[in-house]
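Notes follow once the structure below has been shown.
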Amino acid sequence: MNKFPKNFVWGAASSAYQIEGDPLADGGGKSVWDTFSHTPGKTFEGNTGDTACRSYAHPEWDIENLKHMGLSAYRFSTSWARIDPEGDGNWNEKGLAYYDRLVDLCLEAGIAPYMTLYHWELPQALEDRDGWLNPETPKAFARFAGMMAEHFRGRVKHYFLLNEPQCVAALGYGNGIHAPGRQEPMGKVFLVWKHLLLAYGLGAQAIRAVDGGAGIGIATTGRLCYPETEADIAAAEKATFQVFDNDWLFTHQMALDPICFGAFPKDCAPGQLRDLMAAVTPEELEIIHQKPDFLGFNIYNGWCVRESQGAPYYFIPRYEGFPRTALKWPVTPEVLDWGVAFLWRRYGLPCYITENGLSCNDVVSLDGQVHDPNREDFLHRYLLCLKNTFSHGTDLRGYFHWSLTDNFEWHSGYGERFGLVYVDFPTGTRVYKDSARWYAQVVKTNGESL
Ligand code: FCB
């Protein structure tokens, strides 16, 4: 079968710091992203999330947009620092009330809330105590996760505990291009990684202790490969799950193997990484090993692989002039076909695409409209491939487009526009892009219009 199943979830995604604005309003605490974006030279043109899309002041704008497109689900994130300003469990009720309002708006509109608990805004107070290098930080996260699940019991049924822990470790503590902007050696980056996995494990336990009905997941990213021809399927699968010492973080399996199987990946050559993995204790692995109810994959592009004589696989180099997005990310729709299927075959859990999309140089044209044929074409190609993943038996439950609106794209600031809905940042005004109307049609026909 290659058809989107009945009840397939069509949604869009966002994250707190990228859209909300007013991070310190009503007693909210500073997060590492507040500190980082206010540090000269860290973000494009010194952009910050101070105002962003004004979603904190006007959550109803986003819900109206979702409703207008006929979407049945919204993946958003909560700002840990807004709710737990000191990272000590002294909850800021007003911050929490904002998410009450957002969740209730979703439910009133018939939109299922998919809540991400941590999309990178570590409370600065915790970073001041050594952030993710401190073994107490996973415990602080679990306290937060448990409180949230208790508070939203019955209203929120799907949680993604962490978004892309890969970026937190590699970009936040490795090369420093993301907050908190640290450049630590591999041993310390691995410690950050271990603590993120422990945060997931302890958080999952805390949520399950208070709400047996909550579904638990994690949204990961990493290298995915797809075969050049039918003859290259096994090679592409092998290349996907190989862990290299110089690129160990950007793999799904470094997170999902310990979480789902209680063990780190075995396809890894001898070296520092192997030693670091071997030093993780069985007790720690037991905490990390909390099997999720579903998995979320953030997928933007992948690698084409060919079986090769003499080597198990060959990464086909991208030719000159290869199609790319405004951010220069390669356009490789095939990754949504076999790439997703490989992950499904390895883990056997229901899957969601929790992010997929592209940045374009969108402008409001003289006619007042935002014409974005590149986004339509990208989406059309990617969704056609996604449709084909069902022919491999993939248990794919939903697709969340990144992003609902243009927003603060981390160190690229407002220089990149990923939204289906255009945002005029000086005023917060929203304008539907052509692609939003196109996507609404796909949603309405459950993919038959593709
Ligand atoms: C992902 C992030 C998301 C957004 C997209 C473009 O890595 O999770 O917040 O920045 O990339």
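In each ligand, atom 1 is the first atom listed, and ligand 1 is the first ligand listed. All values reported here derive from a predicted model rather than from experimental measurement. Along the sequence shown, the residues carry numbers beginning at 1. The figures that follow rest on heavy atoms only: side chains count, while hydrogens, waters and symmetry mates do not.
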Side-chain heavy atoms of Cys351 within contact of Ile353, under 4.5 Å: no
Do the ring planes of [X] and [Y] sit parallel (below 30°), tilted (30 to 60°) or perpendicular (above 60°)?
{"X": "His158", "Y": "Tyr114", "result": "parallel"}
{"X": "Phe241", "Y": "Phe342", "result": "perpendicular"}
{"X": "Phe144", "Y": "Trp91", "result": "tilted"}

If we only count N/O pairs under 3.5 Å, is [X] in contact with ligand 1?
{"X": "His119", "result": "yes"}
{"X": "Trp329", "result": "no"}
{"X": "Gln18", "result": "yes"}
{"X": "Trp120", "result": "no"}

Arg208 CZ: over 12 foreign heavy atoms closer than 6.0 Å: yes
Over 12 non-hydrogen atoms of neighbours within 6.0 angstrom of NE2 in His38: yes
Would you say [X]'s side chain and [Y]'s backbone share a donor-acceptor pair under 3.5 angstrom?
{"X": "Asp247", "Y": "Phe244", "result": "no"}
{"X": "Trp10", "Y": "Asn446", "result": "no"}
{"X": "Tyr382", "Y": "Thr332", "result": "yes"}

Numbering the atoms of ligand 1 from 1, which are under 4.0 Å from a heavy atom of [X]?
{"X": "Phe418", "answer": "6 (C)"}
{"X": "Trp410", "answer": "3 (C), 4 (C), 9 (O), 10 (O)"}
{"X": "Glu409", "answer": "4 (C), 6 (C), 10 (O)"}
{"X": "Asn163", "answer": "8 (O)"}

Identify the closest protein heavy atom to [atom]: which residue and atom is it, and at what distance?
{"atom": "atom 5 (C) of ligand 1", "answer": "Tyr300 OH, 3.3 Å"}
{"atom": "atom 2 (C) of ligand 1", "answer": "Glu355 OE1, 3.3 Å"}
{"atom": "atom 7 (O) of ligand 1", "answer": "Glu164 OE1, 2.7 Å"}

Region of Thr221 engaging ligand 1 - heavy atom pairs below 4.0 Å: neither
Within-shell test, Glu416 vs ligand 1, heavy atom, strictly < 4.0 Å: no
